[in-house]
S.K.: 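Got a structure here, written out as structure tokens. Questions coming.
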Number of protein chains: 2
Amino acid sequence: MEDEVDRLVAAWRRERPDLDVEPLEVLSRVSRLARHLDRARRLAFAEHSLEPWEFDVLTSLRRAGDPYQLSPGQLLTQTLVTSGTMTNRIDRLATKGLVERLPDPTDRRGVLVRLTPEGRDRADQALAGLLAQERAILGELSRSQRGELADLLRQLTAPFDNVPG
Amino acid sequence: MEDEVDRLVAAWRRERPDLDVEPLEVLSRVSRLARHLDRARRLAFAEHSLEPWEFDVLTSLRRAGDPYQLSPGQLLTQTLVTSGTMTNRIDRLATKGLVERLPDPTDRRGVLVRLTPEGRDRADQALAGLLAQERAILGELSRSQRGELADLLRQLTAPFDNVPG
DNA sequence: TTCAACTATCTTGACATCAAGACACTTTTC
DNA sequence: GAAAAGTGTCTTGATGTCAAGATAGTTGAA
């Protein structure tokens with residue numbers, strides 16, 4: 001089946017036959033798919049009264065394991081936002097009682113963000129919902145295709161994730 | 001090579017061994033890669049004094065071919081933003097002299113957005129820069145791997161692009 | 001020990017985005 | 001041909017994000 005990127009690439013080949021636009025076949029699809037996924041995730045989380053950004057922070061802490069705490073700096077690298085954004089997010093989650101700020105006992109500049117029991121429950125519930133939705137989206141692909149796709153994507157993400165870029 | 005999603009998935013398997021988190025192997029990579037691409041694109045466009053959103057609008061018009069004009073509604077479906085956002089974007093691009101608004105001669109509610117000659121040049125220059133950068137990112141993959149990846153991604157994007165969802 | 005360089009977090013101000021709805025015009029239905 | 005339903009664009013108000021810089025604390029070198 002044809003998608004919007006097929007149409008986009010065909011248009012470029014007509015308008016700019018001098019250029020090789022093949023890279024768009026991969027990377028424009030990644031960007032557009034991410035945009036669709038954002039919308040779908042927003043809907044899925046709405047059933048649990050969570051915003052996508054709330055889910056991102058809560059689940060980062062949830063994954064850290066007992067006692068479910070990380071520094072704001074560690075949260076930055078996981079969620080790919082700036083420090084100002086993270087301060088704001090932590091403030092709002094703390095107001096809602098889903099996380100709390102604790103002083104870092106080993107560094108007086110530092111802070112630790114800890115999940116409250118309610119925050120943990122909300123994260124767990126929303127994760128289950130997200131996985132159900134993602135399985136539906138991936139229903140298009142066979143198990144082996146999903147594995148192939150994951151491997152190819154890993155080759156593109158690894159350089160970003162492993163250098164200080 | 002390992003990436004952040006490998007670590008994320010391993011953490012979930014430790015914390016929630018009861019859940020099948022395999023969908024994250026694909027879709028979390030798509031979301032994170034898109035985020036990295038956004039940042040890289042922002043840098044590439046800065047050399048041409050364009051914001052990513054400006055590029056998106058200008059190139060949509062560029063691809064339309066002579067006379068390089070589309071309605072705001074057509075621009076919406078290409079760029080995946082809301083109508084309020086598009087109104088704002090067109091305003092700013094018009095102020096900068098890169099596009100102009102014309103009345104639609106066939107529908108008095110309607111408007112046509114047309115690229116100015118300067119807008120067209122800027123779009124062409126920025127596209128060349130973007131393609132160079134994307135080629136560098138895709139250098140990790142062989143030609144056949146890029147083809148495979150594009151095909152697998154198309155299977156995921158096509159349902160979004162072809163239903164009114 | 002003291003000073004410079006570095007690091008972690010937070011503050012600030014500007015700005016782009018979205019959702020919801022208003023408004024004007026067009027198309028369909030009876 | 002008049003009313004209802006539909007469509008295209010713009011306005012409004014709230015909000016989340018970013019870049020840049022401020023502040024406080026830590027570390028390393030001499």
Side-chain angles (χ1 to χ4, degrees), chain A residues 31 34-43 45-46 49-58 60-61 69-96 98-114 164, chain B residues 31 34-36 38-43 45-46 49-58 60-61 69-96 99-114 164:
Chain A
S31 293
R35 206 120 171 78
H36 289 303
L37 290 176
D38 277 350
R39 291 182 170 184
R41 291 204 323 158
R42 181 174 301 277
L43 286 178
F45 293 145
S49 302
L50 280 183
E51 299 295 320
W53 64 263
E54 295 178 304
F55 177 84
D56 287 341
V57 176
L58 297 180
S60 291
L61 294 168
Q69 61 189 21
L70 292 172
S71 71
Q74 291 174 306
L75 286 170
L76 292 190
T77 68
Q78 295 221 7
T79 54
L80 300 178
V81 297
T82 59
S83 65
T85 299
M86 187 52 67
T87 297
N88 185 13
R89 289 182 174 186
I90 295 166
D91 287 348
R92 284 174 282 155
L93 287 170
T95 300
K96 294 176 77 171
L98 302 180
V99 307
E100 54 191 344
R101 272 198 181 87
L102 307 172
D104 181 337
T106 71
D107 183 339
R108 269 198 287 177
R109 293 167 307 180
V111 168
L112 290 175
V113 181
R114 180 148 70 190
Chain B
S31 291
R35 207 121 169 80
H36 289 302
D38 277 349
R39 291 181 170 187
R41 292 204 324 159
R42 180 174 300 277
L43 286 177
F45 293 145
S49 302
L50 279 183
E51 299 293 321
W53 65 262
E54 295 179 303
F55 177 84
D56 288 341
V57 176
L58 296 180
S60 291
L61 294 168
Q69 62 188 22
L70 292 172
S71 70
Q74 290 174 306
L75 286 170
L76 291 191
T77 67
Q78 294 221 10
T79 53
L80 301 178
V81 297
T82 58
S83 66
T85 298
M86 186 53 67
T87 298
N88 185 14
R89 288 183 174 187
I90 294 166
D91 287 347
R92 284 174 284 157
L93 287 170
T95 300
K96 293 176 76 171
V99 307
E100 55 191 343
R101 273 196 180 87
L102 307 172
D104 182 336
T106 70
D107 183 339
R108 270 200 285 178
R109 293 167 305 178
V111 167
L112 290 175
V113 181
R114 180 148 71 188

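Within every chain, numbering begins at 1; the chains are lettered A, B, ... in the order of the sequence lines, protein sequences first and strands thereafter.
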S.K.: Please report, rounded to the nearest Å, how far the C1' atom of D:dT17 is from the CG atom of A:Asp91.
M.R.: 14 Å
S.K.: Figure out the CG/P separation between B:Leu43 and D:dA19, and round it to whole Å.
M.R.: 9 Å
S.K.: Checking contacts here: which listed nucleotide (C:dC10, D:dT9, C:dA19) is nearest the side-chain heavy atoms of A:Pro72?
M.R.: C:dC10
S.K.: Within the structure, does a side-chain N or O atom of A:Arg92 lie under 4.0 Å from either OP1 or OP2 of D:dT17?
M.R.: yes
S.K.: Give the rounded distance in Å between these two atoms: CD of B:Gln74 and P of D:dT7.
M.R.: 16 Å
S.K.: Just how far is it from atom OG1 of B:Thr87 to atom CG of B:Leu75, taken to the nearest 0.5 Å?
M.R.: 10.5 Å
S.K.: Between D:dG25, D:dT9, C:dA16, which one does the side chain of A:Asp107 approach most closely?
M.R.: D:dG25
S.K.: Evaluate side chain to side chain contact (heavy atoms under 4.5 Å, CB included) for B:Arg35 paired with A:Val81, printing each intermediate quantity in order.
M.R.: CA-CA 10 Å; B:Arg35 207 121 169 80; A:Val81 297; 3.4 Å; yes
S.K.: So how far is it from A:Asp56 CG to A:Arg89 CZ, rounded to the nearest 0.5 Å?
M.R.: 6.0 Å
S.K.: Is A:Thr85 side chain donor-acceptor paired with the D:dC18 base, going by distance under 3.5 Å alone?
M.R.: no
S.K.: Tell me which one of B:Arg42, B:Arg41, B:Lys96, B:Arg92 satisfies salt bridge (charged side-chain N to carboxylate O under 4.0 Å, His left out) with B:Glu51.
M.R.: B:Arg42
S.K.: Base, sugar-phosphate or nothing for B:Gly84? Non-hydrogen atoms, less than 4.0 Å.
M.R.: base
S.K.: So, does A:Arg89 get its side chain near the phosphate of D:dT17, meaning an N or O under 4.0 Å from OP1 or OP2?
M.R.: yes
S.K.: Counting side-chain heavy atoms from CB outward, which of C:dA16, D:dT26, D:dT17 is closest to A:Arg108?
M.R.: D:dT26
S.K.: In whole angstrom, give the distance that lies between atom CG of B:Leu93 and atom P of C:dC15.
M.R.: 16 Å
S.K.: Tell me the interatomic distance from A:Leu76, atom CG, to D:dC18, atom C1', rounded to whole angstroms.
M.R.: 13 Å
S.K.: How many angstroms lie between OG1 in A:Thr85 and CG in A:Leu80, if you round to the nearest 0.5 Å?
M.R.: 11.5 Å
S.K.: Would one find a side-chain N or O of B:Arg101 under 4.0 angstrom from OP1 or OP2 of D:dT9?
M.R.: no
S.K.: Using a cut-off of less than 4.0 Å, is there contact between a side-chain N or O of A:Arg39 and OP1 or OP2 of C:dA19?
M.R.: no
S.K.: Expressed in angstrom and rounded to an integer, what is the separation of A:Met86 atom CE from C:dA8 atom P?
M.R.: 15 Å
S.K.: Starting from P on C:dA8, measure out to CG on A:Asp104 and report it in whole angstrom.
M.R.: 11 Å
S.K.: Once you round it to whole Å, what is the distance between C1' of C:dT27 and CZ of B:Arg109?
M.R.: 8 Å
S.K.: Select from A:Ser83 and A:Thr106 the residue whose nearest nucleotide in DNA chain D is closer to the 5' end of that strand.
M.R.: A:Ser83
